[in-house]
Visitor: 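After the structure tokens below, expect a handful of questions from me.
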Amino acid sequence: MPRIGLLYPTRDCGEDDFLALAGKLDPDLAVDFAYVPWGDDIGRVEDLDAAGKHEAVRELGEPGRLVAAARFGTAPDVVSWACSSCSFTRGLDGALDQSRVLGERLGVPARSTSLAYLTALAHLGAERVALASVYHRDTTATFAGFLAEAGVSTVHSVSADAPSDRALAVWDGRRITELAAAADHDEADALLIPETALHTTPLLEELETGLGKPVLTATAVTLWDCLYALGTPPVRQGLGELFSR
């Protein structure tokens, strides 16, 4: 099986959810993590105001910083910058630049969670989405703008304005489900939950059954897109529509 290398922003947040999903896809699928350090002047992310958080995640996604952090114990077959906000806050061109620089440096296909969303939406033929966002409303609007650059319309969104990825890592299923329900809209072809610190793997089928449409979580699209980039997209039942076709 391929070896996936994930660049990740904060240690001990959502890595176990990635590993849980990988285990459901194939017990032999290897997922390794390398961590991108926050800037020395950031302090505690939860202490920053909305503008400060926005700038901090944008800075974290600087391509040179990603390349410097991309040190895996075993060379991956594909790599992804597994952070939603740190990839879409630079816009579509910025996300593509992150991918290009990483790919050139590592010599393997390189993706990001934000680019994974675009590939997954195209795969499902979804052009209108609802956003169950954990971010401040301004960052949610930035994500909607990123999607719009790729021709995807946001018909509704909610913004939870969570303080940090560490806070999100302890959200339970009820809280995630309530956010998704609040964000849903009849005109949306799919609902997006763009945060890789959330533990969403146990909820994939339940969320889609409840809402009656594809629910694309950041963890799911990231792993799916890595395998799609290698030409081996997994088809599995019980993990939502993205993995069923």
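This chain uses plain numbering: 1 for the first residue, then up along the sequence.
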Visitor: Do you know which two heavy atoms are closest between A130 and A188, and how far apart they sit?
Guide: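 Heavy-atom minimum between the residues: N-CB, 3.6 Å.
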Visitor: Looking at every non-hydrogen atom in both residues, tell me the closest pair between W224 and P234 and how far apart they are.
Guide: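 Shortest heavy-atom separation between W224 and P234 comes out as CD1-CD, 4.1 Å.
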Visitor: According to the interplanar angle, ranging from 0 to 90°, do the rings of Y228 and H123 count as parallel (below 30°), tilted (30 to 60°) or perpendicular (above 60°)?
Guide: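 Aromatic pair Y228/H123 classed perpendicular.
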Visitor: Just how far is it from atom SG of C83 to atom CZ of F88, taken to the nearest 0.5 Å?
Guide: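 Here the interatomic distance stands at 8.5 Å.
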Visitor: Is it true that W38 and T10 share a donor-acceptor pair across their side chains at a distance under 3.5 Å?
Guide: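 The criterion, which ignores hydrogens and geometry beyond distance, is satisfied for W38 and T10.
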Visitor: Hey, what do you get for OG (S153) to CD (E187), rounding to the nearest 0.5 Å?
Guide: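 Reported to 0.5 Å precision, the distance equals 10.5 Å.
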Visitor: Does any donor atom in the side chain of S157 or T140 lie under 3.5 Å from an acceptor atom in the other side chain?
Guide: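 Looking only at side-chain atoms, T140 and S157 do not form any donor-acceptor pair under 3.5 Å.
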Visitor: Please confirm whether the backbone N or O of E205 pairs with a side-chain atom of T209, one donor and one acceptor, at under 3.5 Å?
Guide: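 Such a contact is found between T209 side chain and E205 backbone.
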Visitor: Show your working on side-chain contact (heavy atoms from CB on, under 4.5 Å) between Y8 and C13 and close with a plain yes or no.
Guide: CA-CA 9 Å; Y8 198 67; C13 282; 3.6 Å; yes
Visitor: Any side-chain heavy-atom pair from V101 and V67 closer than 4.5 angstrom?
Guide: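 Yes - at least one pair of side-chain heavy atoms lies under 4.5 Å apart.
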Visitor: I'd like to know if the side chain of S114 reaches the main chain of S84, judged simply by a donor and an acceptor atom lying under 3.5 Å from each other, with no hydrogens or angles considered.
Guide: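 Pair found, side chain donor or acceptor close to backbone of S84.
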Visitor: Taking R65 for the side chain and P37 for the main chain, is one N or O donor matched with an acceptor at less than 3.5 Å?
Guide: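 Flag set: sc R65 to bb P37 pair under 3.5 Å.
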Visitor: Show your working on side-chain contact (heavy atoms from CB on, under 4.5 Å) between V129 and L121 and close with a plain yes or no.
Guide: CA-CA 9 Å; V129 301; L121 289 168; 3.8 Å; yes
Visitor: Quick check for you: to the nearest 0.5 Å, what is the distance between L118 atom CG and D225 atom CG?
Guide: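 CG of D225 is found 9.0 Å from CG of L118.
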Visitor: R90 side chain to R58 main-chain N or O, any donor-acceptor pair under 3.5 Å?
Guide: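 Here the side-chain-to-backbone pair exists.
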Visitor: Going by ring pair (Phe, Tyr, Trp, His ring centres under 6.0 Å), name the residues that satisfy it together with F18, two or more places apart in sequence or in a different chain.
Guide: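 For F18 there are no ring pair (Phe, Tyr, Trp, His ring centres under 6.0 Å) partners, ignoring immediate neighbours.
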Visitor: Scan the side chains in residues 236-245 for donor-acceptor partners under 3.5 Å anywhere in the protein, sequence neighbours excluded, and list what turns up.
Guide:
residue, atom, partner, partner atom, Å
R236, NE, L25, O, 2.8
R236, NH2, L25, O, 2.8
E241, OE2, R245, NE, 3.4
E241, OE2, R245, NH2, 2.3
S244, OG, E241, O, 2.9

Visitor: Which residues satisfy the side-chain contact (heavy atoms from CB on, under 4.5 Å) test with E206, sequence neighbours excluded?
Guide: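 Per chain and number, E206 pairs via side-chain contact (heavy atoms from CB on, under 4.5 Å) with T177, L203.
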Visitor: Check whether E15 reaches the backbone of D12 with its side chain - one donor and one acceptor, N or O, closer than 3.5 Å.
Guide: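 Present.
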Visitor: When clusters are formed by joining ILVMFWY residues with side-chain heavy atoms under 4.5 Å apart, either directly or through shared neighbours, do I4 and L230 land in the same one?
Guide: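 Hydrophobic grouping puts I4 with L230.
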Visitor: Do side-chain atoms of Q98 reach the backbone of G61 as a donor and acceptor pair under 3.5 angstrom?
Guide: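 Checking the backbone N and O of G61 against the side chain of Q98, a donor-acceptor pair under 3.5 Å is found.
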Visitor: Output the distance between atom CG (D184) and atom CG (L211), rounded to the nearest 0.5 Å.
Guide: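 So the CG of D184 and the CG of L211 are separated by 4.5 Å.
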Visitor: Is there a donor-acceptor pair closer than 3.5 Å between any side-chain N or O of R71 and the backbone N or O of Y35?
Guide: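 No.
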Visitor: Taking atom CG as the centre, does D172 end up with more than 12 heavy-atom neighbours from other residues, nucleotides or ligands that are less than 6.0 angstrom away?
Guide: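 Yes - once you tally the heavy atoms of other residues, nucleotides and ligands closer than 6.0 Å, there are more than 12.
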Visitor: List the steps, then state whether side-chain contact (heavy atoms from CB on, under 4.5 Å) holds for L19 with L21.
Guide: CA-CA 5 Å; L19 296 175; L21 179 55; over 6 Å; no
Visitor: Given 3.5 Å as the limit, does a donor-acceptor pair link the side chain of E195 with the main chain of V134, or not?
Guide: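 It does not hold such a pair.
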Visitor: Measure across L7 and A70 and return the closest heavy-atom pair with its distance rounded to 0.1 Å.
Guide: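 For L7 versus A70, the nearest heavy atoms are CD2-CA, 3.7 Å.
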Visitor: A side-chain contact here means heavy atoms from C-beta on lying under 4.5 Å apart; do T154 and L147 qualify?
Guide: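 A side-chain contact under 4.5 Å exists here.
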Visitor: Are any side-chain N or O atoms of S99 and backbone N or O atoms of A110, one a donor and one an acceptor, separated by less than 3.5 Å?
Guide: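 Present.
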Visitor: Measuring from T89:OG1 to E59:CD, what's the distance to the nearest 0.5 Å?
Guide: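 The CD atom of E59 is 11.0 Å from OG1 of T89, to the nearest 0.5 Å.
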Visitor: Can you name the closest pair of heavy atoms from S80 and C226 and give their distance?
Guide: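 So the minimum-distance heavy-atom pair works out to CB-SG, 3.6 Å.
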Visitor: Got T201 and T217 here, is their nearest side-chain heavy-atom distance under 4.5 Å?
Guide: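 Not in contact.
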Visitor: Output, in order, the C-alpha distance, side-chain angles, deciding distance and verdict of salt bridge (charged side-chain N to carboxylate O under 4.0 Å, His left out) for R128 and D189.
Guide: CA-CA 5 Å; R128 299 178 304 276; D189 302 320; 2.9 Å; yes
Visitor: Enter the distance from Y117:OH to S87:OG here, rounded to the nearest 0.5 Å.
Guide: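 Atom-to-atom, Y117:OH and S87:OG are 10.0 Å apart.
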Visitor: Using every non-hydrogen atom in the two residues, find where A182 and V158 come nearest and quote the distance to one decimal.
Guide: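 Between these two residues, the closest heavy atoms are O-CG1, 3.6 Å.
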Visitor: Has K213 got a side-chain atom pairing as donor or acceptor with H185's backbone, closer than 3.5 angstrom?
Guide: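 The answer is yes, because a donor-acceptor pair under 3.5 Å joins these two groups.
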Visitor: Answer yes or no: is there a side-chain heavy-atom contact under 4.5 Å between P9 and L60?
Guide: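 Yes, close enough: below the 4.5 Å cut-off.
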Visitor: I'd like to know whether R137 forms a salt bridge (charged side-chain N to carboxylate O under 4.0 Å, His left out) with D161, so could you lay out the CA-CA distance, the side-chain angles of the two residues, the decisive distance to 0.1 Å, and finally the verdict.
Guide: CA-CA 7 Å; R137 63 180 181 275; D161 196 16; over 6 Å; no
Visitor: What is the minimum heavy-atom distance between P202 and H199, and which atoms define it?
Guide: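 Distance-wise, the nearest heavy atoms are CD-O, 4.2 Å.
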Visitor: Walk me through whether V108 and V78 qualify under side-chain contact (heavy atoms from CB on, under 4.5 Å).
Guide: CA-CA 5 Å; V108 298; V78 59; 5.5 Å; no
